[in-house]
Amino acid sequence: MKETRMVHTVFPGETNHYGTLFGGTALAWMDQAAFVAASRHARRKVVTVHSDALDFKRPVPLGSIVELVARVVEVGRTSMRVEVEMWVEPLDPSGEPYLAARGGFVLVAVDEGGRPVPVPPLGGEG
């Protein structure tokens, strides 16, 4: 199963008054990773139609390096379910990477008119 990996750094404009990443920013980054994973699988335009419960497990501090790992885990006729994990690499030399959040997204492949179109099965990845 192919993975899509994206990396971000948490800058001051992306944090709340506690000095941790805004939940909405985390959701947007995770949706972007899901979008790239689904686009790579479908090889066409995709749109997000659903997001599952997003579980925030640990805060993401200012200055952290964040790695998003997205995987297409299930495919329907026109839809793809993508699971996304958000890993944090603290800048503290003694800090170990940790899972900060996990969520699921459903994306649908569409044609130029915005109508759903079939996607390849999971085994069809090259």
Side-chain angles (χ1 to χ4, degrees):
M1 176 184 325
K2 290 184 182 179
E3 290 182 344
T4 291
R5 292 177 177 263
M6 299 175 70
V7 177
H8 294 273
T9 303
V10 180
F11 291 109
E14 298 157 337
T15 62
N16 57 30
H17 58 289
Y18 298 115
T20 59
L21 183 66
F22 280 119
T25 301
L27 178 61
W29 288 355
M30 293 173 81
D31 186 34
Q32 288 171 3
F35 170 83
V36 173
S39 296
R40 283 178 162 170
H41 177 81
R43 290 290 177 206
R44 52 187 325 133
K45 185 191 291 188
V46 300
V47 294
T48 303
V49 297
H50 178 79
S51 62
D52 293 342
L54 181 60
D55 296 321
F56 292 99
K57 300 184 178 298
R58 292 184 55 188
V60 180
L62 173 66
S64 297
I65 296 169
V66 173
E67 184 171 24
L68 301 147
V69 182
R71 298 174 193 90
V72 176
V73 296
E74 188 177 338
V75 173
R77 191 176 77 74
T78 62
S79 65
M80 295 152 284
R81 178 171 160 62
V82 181
E83 288 184 358
V84 182
E85 296 175 341
M86 176 180 280
W87 289 86
V88 173
E89 182 181 332
L91 289 182
D92 174 5
S94 64
E96 292 290 321
Y98 61 86
L99 180 64
R102 175 182 283 141
F105 299 81
V106 177
L107 295 95
V108 170
V110 294
D111 63 17
E112 293 307 315
R115 293 174 296 275
V117 294
V119 296
L122 273 180
E125 294 179 352

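Predicted, not measured: the structure shown is a model, and the values here were computed from it.
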**Q.** Shortest non-hydrogen contact between Val88 and Pro61, atoms and distance
**A.** CG1-CD, 4.5 Å
Q: Evaluate the side-chain proximity of Arg102 to Val84: yes if any heavy-atom separation is below 4.5 Å, no if none is.
A: no
Q.
For the CE atom of Met80 and the CG atom of Leu122, what is their distance to the nearest 0.5 Å?
A. 10.0 Å
Q: Calculate, to the nearest 0.5 Å, the distance between atoms CD and CD belonging to Glu89 and Glu67 respectively.
A: 8.0 Å
Q. Going through the distances and angles, do Phe105 and Met30 end up as a side-chain contact (heavy atoms from CB on, under 4.5 Å)?
A. CA-CA 9 Å; Phe105 299 81; Met30 293 173 81; 3.8 Å; yes
Q | Heavy-atom pair of closest approach, residues Pro121 and Val75 | A | CA-CG1, 4.4 Å
(Q) Could you report the tightest heavy-atom contact between Val119 and Ser79, atom names first, then the distance? (A) CG2-O, 4.0 Å
**Q.** NZ/NE/NH1/NH2 to OD/OE distance under 4.0 Å, Glu83 and Arg71
**A.** no
Q | Pro116 and Val108, any side-chain heavy atoms less than 4.5 Å apart | A | yes
Q: Step by step, work out the side-chain contact (heavy atoms from CB on, under 4.5 Å) result for Arg81 and His50.
A: CA-CA 9 Å; Arg81 178 171 160 62; His50 178 79; over 6 Å; no
Q | ILVMFWY cluster, Leu91 and Leu99 together (side-chain gap under 4.5 Å) | A | no
Q | Non-hydrogen side-chain atoms of Val49 and Leu107 separated by less than 4.5 Å | A | no
**Q.** NZ/NE/NH1/NH2 to OD/OE distance under 4.0 Å, Asp111 and Arg44
**A.** no
Q.
Please find the pair of heavy atoms, one from Phe22 and one from Gly13, that lie closest to each other, and give the distance.
A. CE1-O, 4.2 Å
Q: Would you kindly confirm whether Leu54 and Val60 end up in one hydrophobic cluster when ILVMFWY residues are joined by side chain heavy atoms under 4.5 Å apart?
A: yes
Q: Report yes or no: does Thr25 contribute a side-chain atom to a donor-acceptor pair with the main-chain N or O of Leu21 at less than 3.5 Å?
A: no
Q: With the side chain counted from C-beta on, respond yes when Val10 and Val66 share a heavy-atom pair under 4.5 Å apart, and no when they do not.
A: yes
Q) Can you name the closest pair of heavy atoms from Trp87 and Val69 and give their distance? A) CD1-CG2, 4.1 Å
(Q) How long is the straight-line distance from OG1 of Thr78 back to CZ of Arg115, given to the nearest 0.5 Å? (A) 13.5 Å
Q | Sequence-distant partners of Arg40, side chain to side chain contact (heavy atoms under 4.5 Å, CB included), two or more places apart | A | Thr4, Val36
Q.
Let me confirm one number: the CZ-CE distance from Arg58 to Met86, rounded to the nearest 0.5 Å.
A. 14.0 Å
Q. Is there a donor-acceptor pair closer than 3.5 Å between any side-chain N or O of Asp31 and the backbone N or O of Ala34?
A. no
Q: Check Ala33 against Ala70 and note the closest heavy-atom contact, atom names and distance.
A: O-CB, 3.5 Å
**Q.** Atom pair CZ (Phe11) and CG (Leu62), whose distance is rounded to the nearest 0.5 Å
**A.** 9.5 Å
Q. When clusters are formed by joining ILVMFWY residues with side-chain heavy atoms under 4.5 Å apart, either directly or through shared neighbours, do Phe56 and Leu27 land in the same one?
A. yes
Q.
Just so I know, are the side chains of His8 and Leu68 near enough to count as touching, which here means a heavy-atom distance under 4.5 Å?
A. yes
